[in-house]
Amino acid sequence: MTTFPTLDPELAAAVTMLPKVTFADLPTARANYDSLIGTMLADLSFDGVTLRELSAPGIDDDPEVAIRFFTPAAATGPIPVLLWIHGGGFAIGTAESTDPFCVEVA
């Protein structure tokens with residue numbers, strides 16, 4: 001069993017429940033992760049939240065960067081902002097995979 005001596009015990013227990021991912025076969029790792037996340041997102045409710053999908057231009061010949069902008073549907077006037085950047089190990093995952101967290105924050 002893998003141990004995580006520097007993590008809070010509750011977080012360490014949760015980490016052990018995550019599926020094992022190997023990057024040796026990246027296309028398969030991406031497909032497996034996308035399938036897992038797709039199941040999780042299937043029932044996600046956006047009630048009370050407005051989602052706008054924006055983009056920012058890439059530098060030089062780089063592609064545009066997708067931006068998912070969540071706001072409370074009833075918001076009026078200025079509100080606080082949280083910038084949440086999904087890295088996914090820069091190998092797997094999508095920005096959408098953090099939608100549950102972003103909806104909860106909004």
How far does [atom1] of [X] sit from [atom2] of [Y], to the nearest 0.5 angstrom?
X: Ser97; Y: Leu36; atom1: OG; atom2: CG; result: 10.0 Å
X: Glu96; Y: Glu53; atom1: CD; atom2: CD; result: 6.5 Å
X: Leu51; Y: Phe70; atom1: CG; atom2: CZ; result: 5.0 Å
X: Cys102; Y: Phe69; atom1: SG; atom2: CZ; result: 11.5 Å

Give the minimum heavy-atom separation between [X] and [Y], together with the two atoms involved.
X: Thr50; Y: Ala73; result: OG1-CA, 3.6 Å
X: Ser55; Y: Ile67; result: C-CD1, 4.1 Å
X: Val105; Y: Leu82; result: CG1-CD2, 4.1 Å
X: Ala106; Y: Thr71; result: CB-C, 4.2 Å
X: Thr94; Y: Tyr33; result: N-CE2, 4.3 Å

* **pair Pro100-Met40: side-chain heavy atoms closer than 4.5 Å** => yes

* **Note, Pro72 side chain near Ile79 side chain (heavy atom, < 4.5 Å)** =>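 Answer yes - side chains close enough.
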
* To do: Check whether more than 12 heavy atoms from other residues, nucleotides or ligands sit under 6.0 Å from atom CD1 of Ile59, and answer yes or no.
  => no

* **Glu64, CD: over 12 other non-hydrogen atoms inside 6.0 angstrom** => yes

Measure from the side-chain N and O atoms of [X] to the backbone N and O of [Y], and report whether any donor-acceptor pair falls under 3.5 Å.
X: Arg30; Y: Ala91; value: yes
X: Ser35; Y: Asn32; value: no
X: Asp60; Y: Asp62; value: no

* Asked: What is the ring orientation for Trp84 with Phe101, classed by angle as parallel under 30°, tilted 30 to 60°, or perpendicular over 60°?
  -> tilted

